[in-house]
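Quick note on labels: first sequence line is chain A, next is B, and so on, each numbered from 1.
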Protein chains: 2
Amino acid sequence: MSNDTSRTDGSATVTPKSAYHHGDLRAQLIAAVRDLIETRGPDGFSVAEAARRAGVSSAAPYKHFKDRPEILRGVVSEAMDRLRAAMEAGAAAHPVGSLEAVAAIGLAYVDFARSEPGVFRLVFGLTEGHENAPELQQKGEGCFGVVVQGAAACLNLSPSDPEVQRRAYMLWSFVHGHSFLHIDMKTKVTTARIDDWDYLMTISRAILAS
Amino acid sequence: MSNDTSRTDGSATVTPKSAYHHGDLRAQLIAAVRDLIETRGPDGFSVAEAARRAGVSSAAPYKHFKDRPEILRGVVSEAMDRLRAAMEAGAAAHPVGSLEAVAAIGLAYVDFARSEPGVFRLVFGLTEGHENAPELQQKGEGCFGVVVQGAAACLNLSPSDPEVQRRAYMLWSFVHGHSFLHIDMKTKVTTARIDDWDYLMTISRAILAS
DNA sequence: AAGATATGTGAGCGGTGCTAACTTTGGCTT
DNA sequence: AAGCCAAAGTTAGCACCGCTCACATATCTT
């Protein structure tokens with residue numbers, strides 16, 4: 001089935017209705033759900049409405065997803081891909097092993113949380129379904145791996161070194177908490193307000209140089 | 001295990017004698033919802049089922065709560081009261097101004113997240129409704145205030161000092177991230193596994209002594 | 001050309017959020 | 001004490017949602 005023309009990579013180049021009946025309905029549903037989650041909150045989304053937005057009947061989604069949670073898992077999976085890509089891109093913009101590279105990873109994380117708070121919360125709130133979703137587990141570990149890589153390069157140690165893992169965990173913990181607090185109390189705690197980059201550099205230095 | 005139903009609700013507090021038709025249905029509904037959230041996940045709860053557990057019709061809850069989100073807000077409000085009490089109790093178990101007091105605040109936070117992961121996630125995932133709920137905002141600031149108090153005592157500065165606020169924010173960010181990662185990837189990242197108390201002491205020292 | 005299979009539709013079942021109209025309860029006024 | 005009246009509960013019901021089933025149609029394989 002792969003000898004034909006374009007790949008279904010969600011590029012959405014020109015014609016969304018070139019494949020089977022509808023186009024790549026699966027990708028369009030995920031996009032619709034993502035949008036709904038972002039605008040109406042993680043709970044205010046329904047499969048029916050996503051189908052409506054995609055222009056199909058309310059039963060069509062179930063040809064591509066087993067049930068509602070599986071759709072959410074699809075959204076999370078896609079989001080994790082983008083999150084990891086953003087983190088890697090952030091790291092790649094700075095010299096390997098530099099503190100700046102580590103801080104850039106954290107900044108990508110925070111930026112992601114701020115630009116898509118609904119999806120971000122979903123990613124880390126969907127852990128109920130994680131048990132049966134090794135793919136998500138794997139992608140989560142992949143994201144953590146980016147932090148580990150950065151920390152290892154910075155410390156000039158092997159990524160498998162427990163000390164590296166420990167510091168990476170501390171880094172992630174900090175950045176994760178900062179992201180969550182940031183999107184939770186948006187403009188609150190203004191007295192403690194700080195520039196993200198300075199903050200992340202300070203944190204990275206404190207954790208990787210002790 | 002005496003079932004001590006002490007609901008510190010804004011309006012009619014504990015009035016066991018009156019009990020109109022049913023008793024304090026409001027408190028019982030909140031308890032039922034809390035239990036449902038903890039066992040079936042934050043999404044797998046329905047007002048109907050909570051009413052069923054409380055032994056009333058499915059319309060009865062709407063005499064006490066405007067809608068579903070308001071019930072959730074009630075659960076969050078009650079949970080925040082307990083969280084703050086736990087944090088204060090943790091701090092009170094150690095000398096004022098000691099690093100141990102600060103670490104104990106963090107430990108209470110982590111323990112709360114671990115013992116009620118569903119409710120914990122709800123507390124910080126319900127921020128969509130926070131805008132119209134100044135009561136929750138206020139209680140959130142109250143919890144933050146406990147951390148600020150601890151940091152201020154430790155640094156021998158005023159709680160209103162920006163530097164204190166900044167450090168308190170860092171502490172909270174760290175503990176919050178640690179809690180979330182902890183309940184998310186329960187047994188994962190085992191290589192980085194650490195004793196909570198040691199971890200929190202290390203963090204507290206790092207943040208409050210630089 | 002002819003299945004086989006993937007992808008869509010419409011009808012429909014049970015459950016849910018919420019409202020409306022009604023009944024019961026018990027405190028408060030007189 | 002009589003009686004009003006608001007609080008607190010009930011049943012009935014609407015609209016929507018998740019999901020399934022039977023069926024229609026488009027594409028792939030042979």
Exercise. Determine the contact category for S46(B): base if any of its heavy atoms lies under 4.0 Å from a base atom, sugar-phosphate if only primed atoms, P, OP1 or OP2 are that close, otherwise nothing.
Key: sugar-phosphate
Exercise. Would you mind classifying the nucleic acid contact of A48(B) as base, sugar-phosphate or nothing, using non-hydrogen atoms under 4.0 angstrom?
Key: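 If one applies the 4.0 Å heavy-atom cut-off, A48(B) turns out to touch the sugar-phosphate alone, with no base involved.
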Quiz item: Which comes earlier along DNA chain D counting from the 5' end, the contact point of K63(B) or that of A59(A), where each point is its nearest nucleotide?
Solution: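 That would be K63(B).
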Distance check needed: [N] [atom2] versus [X] [atom1], whole Å only.
{"X": "Y62(A)", "N": "dC13(C)", "atom1": "OH", "atom2": "C1'", "result": "14 Å"}
{"X": "L29(A)", "N": "dG8(C)", "atom1": "CG", "atom2": "P", "result": "9 Å"}
{"X": "R40(A)", "N": "dC17(D)", "atom1": "CZ", "atom2": "C1'", "result": "13 Å"}
{"X": "D43(A)", "N": "dG17(C)", "atom1": "CG", "atom2": "P", "result": "12 Å"}
{"X": "E70(A)", "N": "dG18(D)", "atom1": "CD", "atom2": "P", "result": "15 Å"}
{"X": "D67(B)", "N": "dT16(C)", "atom1": "CG", "atom2": "C1'", "result": "14 Å"}
{"X": "Q28(B)", "N": "dA8(D)", "atom1": "CD", "atom2": "C1'", "result": "14 Å"}
{"X": "F45(A)", "N": "dG18(D)", "atom1": "CZ", "atom2": "C1'", "result": "10 Å"}

Practice problem: With F180(B) as reference, evaluate F174(A), F180(A), F124(A) under the ring pair (Phe, Tyr, Trp, His ring centres under 6.0 Å) test and give the passing residue. | Solution: F180(A)
Quiz item: Does the pair R82(B)/E116(B) count as a salt bridge with the N-to-O cut at 4.0 Å?
Solution: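 Counted as a salt bridge, because a side-chain N and a carboxylate O are separated by less than 4.0 Å.
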Quiz item: Are the side chain of E38(A) and the backbone of G118(A) linked by a donor-acceptor contact shorter than 3.5 Å?
Solution: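 Here the side-chain-to-backbone pair exists.
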Quiz item: Among the nucleotides dT16(C), dC19(D), dG17(C), which one has an atom lying closest to any side-chain atom of R68(A)?
Solution: dC19(D)
Quiz prompt | Proximal nucleotide (of dC19(D), dT10(D), dC18(C)) relative to the S58(B) side chain | solution = dC18(C)
Practice problem: For dT16(C), take OP1 and OP2 only and decide whether either is under 4.0 Å from a side-chain N or O of R52(B). | Solution: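 For dT16(C), OP1/OP2 do have a side-chain N/O of R52(B) under 4.0 Å.
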Quiz prompt | Phosphate OP1/OP2 of dA7(D): any H64(B) side-chain N/O under 4.0 Å | solution =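 Checking dA7(D) against H64(B), no side-chain N or O comes under 4.0 Å of OP1 or OP2.
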Exercise. Scan side-chain atoms only and decide if H178(B) and Y199(B) contain a donor-acceptor pair under the 3.5 Å cut-off.
Key: no
Quiz item: Is the number of heavy atoms from other residues, nucleotides or ligands under 6.0 Å of E163(B) CD greater than 12?
Solution: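 More than 12 within 6.0 Å, yes.
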